[in-house]
Amino acid sequence: MGACALAPKSRNYRMTHAYRSHKCGDLRVQDAGSETRLSGWVHRVRDHGGVLFLDVRDHYGLTQVVADPASPAFKIAETLRSEWVVRFDGKVRVRLAGTENKDMPTGDIEVYATEIEVLSQAAELPLPVFGDTEYPEDIRLKYRFLDLRRDRIHANIMKRGSIINSLRRRMVDQGFFEFQTPILAASSPEGARDYLVPSRVHPGKFYALPQAPQQFKQLIMMSGFDRYFQIAPCFRDEDARADRSPGEFYQLDIEMSFVTQEDVFDAVEPVLRGVFEEFGNGWAVTQKFPHIAFKDSIRWYGTDKPDLRNPIKMQNVTEHFAGSGFKVFAGMIANDPKVEVWAIPAPKGGSRAFCDRMNSWAQSQGQPGLGYVFWREGEEGGAGPIAKNIGTERTDAIKAQLGLAVGDGAFFVAGIPSKFYKFAGEARTKVGTDLDLIAKDRFDFCWIVDFPMYEWNEEDKKIDFSHNPFSMPQGGLDALNNQDPLTINAYQYDIVCNGVELSSGAIRNHRPDIMKKAFELAGYSEDVLLEKFGGMYRAFQFGAPPHGGIAPGVDRIVMLLCNEPNIREVVLFPMNQQAEDLLMSAPSSATPKQLRELHIRLNLPEN
RNA sequence: GCGGAAGUAGCUCAGUUGGUUAGAGCGUCGCCCUGUCACGGCGAAGGUCGCGGGUUCGAGCCCCGUCUUUCGCGCCA
């Protein structure tokens with residue numbers, strides 16, 4: 001099994017042990033002739049009438065057991081079925097020449113069974129352990145214990161454990177120390193929906209499970225500790241996605257005192273690079289994570305979590321369309337100075353078929369279409385409707401700016417960038433995917449930095465925090481006092497790998513005066529600060545060190561390293577999309593006694 | 001809360017334009033088989049086609065509703 005590579009070297013049990021002298025991955029040619037005792041699950045039965053083969057499986061591997069009519073164990077062997085748990089005693093022998101199995105580590109030997117004890121039987125399986133067929137999620141989750149016996153997911157779970165061990169070791173080696181923070185905590189007013197836990201002692205009051213140990217880790221810094229980390233469980237009552245468990249997940253939560261943004265990067269980068277090199281199947285890992293400003297990421301990639309394996313970088317080509325014969329774009333540009341035209345270069349995408357396919361795709365996304373120019377033999381000046389309208393001089397200029405050649409194409413999106421960047425980013429991804437430009441065997445990391453501190457809330461017509469209100473604004477109090485709030489950036493950063501947002505972090509605002517002003521700009525008085533974040537705001541009054549941190553998502557790291565698209569493949573006992581545990585039946589009703597003790601009366605919806 | 005996809009034997013799936021008794025592989029059970037490793041051969045059992053309603057002479061197939069699972073949107077400081 002895949003797991004055996006991760007298993008410790010086997011101990012030598014004596015034959016007097018009740019269940020085993022060896023594990024199922026242990027035996028080799030040099031063991032031939034010796035007695036052995038194996039216990040495990042019957043993985044597969046091959047009954048030839050006269051001779052019977054059984055693959056026996058445990059956590060460590062598979063071994064072939066043989067029985068024939070000369071063996072006293074033959075009668076029992078014939079009754080064995082898949083997934084029964086059995087103890088085998090027998091003699092190790094070298095397989096007959098020509099019958100070795102090179103695909104199994106134990107494939108040169110077999111165990112000739114002399115005694116068999118059935119330790120437990122299995123009913124007919126709702127989910128075969130053998131083979132690699134896909135099964136529906138509800139059955140997999142209901143019979144998770146069978147699902148977990150299967151090779152791929154068994155190996156994933158072991159790899160998850162090894163990754164977490166490695167993360168811990170790497171953190172400790174850098175002088176970090178692991179702390180435990182409360183699970184029964186106070187509800188936090190911002191962010192996701194909380195999981196609430198009713199208090200028995202305080203009728204009508206509730207604890208909340210922490211969405212992250214954010215405030216606690218900052219308090220740890222203010223308590224005079226340094227270099228905190230924790231493999232921290234986080235709880236958020238939000239709906240699931242393929243890469244997001246409902247309810248709970250883990251973060252490698254990190255916080256450091258007396259640091260700048262660069263210090264945090266220098267601490268975290270080697271940990272992630274190291275763990276991706278250790279567990280990444282030899283795929284190339286970015287050695288020095290590039291820093292990309294938030295606004296550049298939006299301009300170049302149409303997203304704040306760019307997949308840098310995709311080489312396409314969008315460019316502003318507004319000037320080539322201003323006053324051109326392509327009236328749609330030219331008119332938009334003339335009417336509104338905020339209008340821009342972005343180009344998505346498509347290397348090797350220079351065919352009418354591909355461009356038309358992209359155009360239809362854009363329409364299926366609710367767009368009016370996707371303008372394009374492509375360059376091909378005989379039409380070096382550019383082909384397609386736009387090329388005809390704007391002429392060779394302009395298409396040549398576009399081709400030169402984008403660094404394209406004959407055989408390539410380019411797509412164009414026009415409008416107010418804040419309205420179309422997301423679609424442009426999706427088009428960039430689609431072009432990269434469809435033209436097979438995205439390398440499959442790399443982990444491409446980057447830091448996204450300089451997130452805006454504030455954003456305009458169109459609905460409430462006011463300025464809002466765009467991310468964490470406790471991030472330090474760049475420029476400090478001076479910027480808050482003198483700058484247009486919408487131009488202020490925060491010391492706030494994300495790590496992105498292959499288009500997956502692995503974590504976000506920040507240098508925190510440790511100064512109550514700056515914090516007061518920051519909240520004031522978003523329309524919150526000091527009372528709000530005191531009422532909602534009293535504990536932490538109080539701590540800031542008594543000598544808070546400059547500090548900052550980050551919290552990479554463990555589940556997503558494991559997903560990337562296991563090359564799994566779904567988080568349930570790397571979690572032992574996941575819930576389904578409706579946040580139910582189908583194996584253990586959670587959530588479930590409380591008894592009247594429990595509810596009485598908690599002073600809770602149910603007010604259930606109709607039906 | 002909203003949108004897409006799926007739901008047929010224990011499991012994975014096929015099922016034509018709406019037409020007689022709904023099929024296959026795996027698994028299960030029985031018989032045969034002494035070198036397999038997805039062993040093989042013969043046979044059998046196993047189905048309220050998710051559920052409810054409708055259209056029709058006739059529905060697994062068409063229509064409406066509903067439930068379940070999943071993917072996405074909303075949500076996720």
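Quick note on labels: first sequence line is chain A, next is B, and so on, each numbered from 1. Just so we're clear, the structure is a prediction, and the values are computed from it rather than from any experiment.
Comparing the same atom, C1', in B:rG47 and in B:rC42 gives a spacing of 24 Å after rounding to whole Å. Using C1' as the reference atom, B:rG58 and B:rU17 are 15 Å apart when rounded to the nearest Å. B:rU16 and B:rA59 have their C1' atoms separated by 15 Å, with the value rounded to a whole Å. As rounded to the nearest Å, B:rG10 and B:rC29 have P atoms that lie 15 Å from one another. Between B:rG50 and B:rG35, the distance separating the two C1' atoms is 46 Å to the nearest Å. For B:rC39 and B:rC26, the P atoms lie 10 Å apart once the distance is rounded to whole Å. Comparing the P positions of B:rG43 and B:rU36 gives a spacing of 24 Å, expressed to the nearest Å. Spacing between B:rC11 and B:rG7 at atom C1', rounded to whole Å, works out to 14 Å.
Pair assignment for B:rU48: none, as no Watson-Crick or G-U wobble contacts are both less than 3.5 Å. Pair assignment for B:rU68 gives B:rA6, based on Watson-Crick or G-U wobble hydrogen-bonding distances that are each under 3.5 Å. With a cut-off of 3.5 Å on both pairing distances, the Watson-Crick or G-U wobble partner of B:rG23 is B:rC13. For B:rG74, there is no paired base (Watson-Crick or G-U wobble, both distances below 3.5 Å). When both pairing distances are held under 3.5 Å, B:rC61 makes no Watson-Crick or G-U pair with any nucleotide shown. The base-pairing partner of B:rC29, taking Watson-Crick or G-U wobble contacts with both distances under 3.5 Å, is B:rG43.
Checking side-chain atoms of A:T114 against main-chain N and O of A:D89 turns up a donor-acceptor pair under 3.5 Å. Between the side chain of A:D253 and the main chain of A:Q230, no donor-acceptor pair closer than 3.5 Å is present. In this structure, A:S71 contributes its side chain and A:D68 its backbone to no donor-acceptor pair below 3.5 Å. Side chain of A:T106 to main chain of A:L62: a donor-acceptor pair is present (N/O by atom type, distance under 3.5 Å, no hydrogens or angles).
Phosphate contact (OP1/OP2 of B:rU69, side-chain N/O of A:R140, threshold under 4.0 Å): absent. An OP1 or OP2 oxygen of B:rC71 is reached within less than 4.0 angstrom by a side-chain nitrogen or oxygen of A:Q577. For B:rU36, the OP1/OP2 oxygens have no side-chain nitrogen or oxygen of A:R44 closer than 4.0 Å. Using a 4.0 Å cut-off, some side-chain N or O of A:N566 falls inside it from OP1 or OP2 of B:rC71.
A side-chain N or O of A:Q474 and one of A:D450 form a donor-acceptor pair less than 3.5 Å apart. Checked by atom type, the side-chain pair A:Q367/A:Q363 shows no donor-acceptor distance below 3.5 Å. Checked by atom type, the side-chain pair A:H547/A:S257 shows no donor-acceptor distance below 3.5 Å. A:R556 and A:Q251 form no side-chain donor-acceptor contact under 3.5 Å, judged by distance and modelled atom types alone. Under the 3.5 Å distance criterion, with hydrogens and angles disregarded, a donor-acceptor pair is assigned to the side chains of A:D194 and A:Q211.
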Notebook entry, point to check: Base, backbone or nothing for each nucleotide of nucleotides 4-14 of chain B, written B, S, -, heavy atoms under 4.0 angstrom, 5' to 3'?
Noted result: ------BSS--
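The pair A:D55-A:R44 fails the salt-bridge criterion, with no side-chain N (NZ, NE, NH1 or NH2) lying under 4.0 Å from an Asp/Glu carboxylate O.
In this structure, A:R46 atom CZ and B:rU36 atom P are separated by 10 Å, rounded to whole Å. Look at NE2 on A:H467: it is 13 Å from P on B:rC75, rounded to the nearest Å. Atom-to-atom, NZ of A:K142 to C1' of B:rU70 comes out at 18 Å; the value is rounded to the nearest Å. Distance CD (A:E238) to C1' (B:rG1): 13 Å, rounded to an integer number of Å. For the pair A:I567 CD1 and B:rU70 C1', the interatomic distance rounds to 16 Å; values are reported in whole Å. Following rounding to the nearest Å, A:D237 (CG) and B:rA77 (P) show an atom-to-atom distance of 13 Å. A:D151 places its CG atom 15 Å from the C1' atom of B:rA38, with the value rounded to the nearest Å. Between the CG atom of A:N457 and the P atom of B:rA77 there is a distance of 16 Å, rounded to whole Å.
Ranked by how close their nearest RNA chain B nucleotide is to the 5' end, A:L582 and A:Q215 are led by A:L582. Both A:S504 and A:D239 lie near RNA chain B, and the one whose nearest nucleotide falls closer to the 5' end is A:D239.
Distance check, rounded to the nearest 0.5 Å: CG of A:L582 to CE of A:M584 gives 12.0 Å. Taking CG of A:D555 as the start and CZ of A:R244 as the end, the distance is 12.5 Å to the nearest 0.5 Å. If you take CD on A:E137 and CG on A:N576, they are separated by 9.0 Å, rounding to the nearest 0.5 Å.
Residue A:Q578 is in sugar-phosphate contact alone, with no base atom involved, counting any heavy-atom pair closer than 4.0 Å across all strands shown. Looking at heavy-atom distances under 4.0 Å, A:F130 makes contact with sugar-phosphate atoms alone, never a base. Counting non-hydrogen atoms under 4.0 angstrom, A:R568 reaches the backbone sugars and phosphates but no base. Residue contacts shown for A:D464 are absent, as no nucleic acid heavy atom lies under 4.0 Å away. Within the nucleic acid shown, A:E100 comes within 4.0 Å of at least one base atom, counting heavy atoms only.
Proximity of residues 240-250 of chain A to RNA chain B (heavy atom under 4.0 angstrom from any strand atom) is restricted to A:R241, A:A242, A:R244.
Evaluated for a side-chain contact (heavy atoms from CB on, under 4.5 Å) with A:V496, the options A:S504, A:S503, A:C446 yield exactly one hit, A:C446.
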Which atoms of nucleotides 32-35 of chain B (N or O only) lie under 3.5 Å from a protein N or O atom, and what are those distances?
residue : atom : partner : partner atom : Å
B:rC33  : N3   : A:D47   : O            : 3.3
B:rC33  : N3   : A:G49   : N            : 3.1
B:rC33  : N4   : A:G49   : N            : 3.4
B:rU34  : OP2  : A:G50   : N            : 3.1
B:rU34  : O4'  : A:V51   : N            : 3.3
B:rG35  : O6   : A:R93   : NH2          : 2.9
B:rG35  : N1   : A:E110  : OE2          : 2.9
B:rG35  : N2   : A:E110  : OE1          : 2.5
B:rG35  : N2   : A:E110  : OE2          : 3.3

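The aromatic rings of A:Y454 and A:F465 lie parallel to each other, their planes meeting at an angle below 30°, with 60° marking the opposite boundary.
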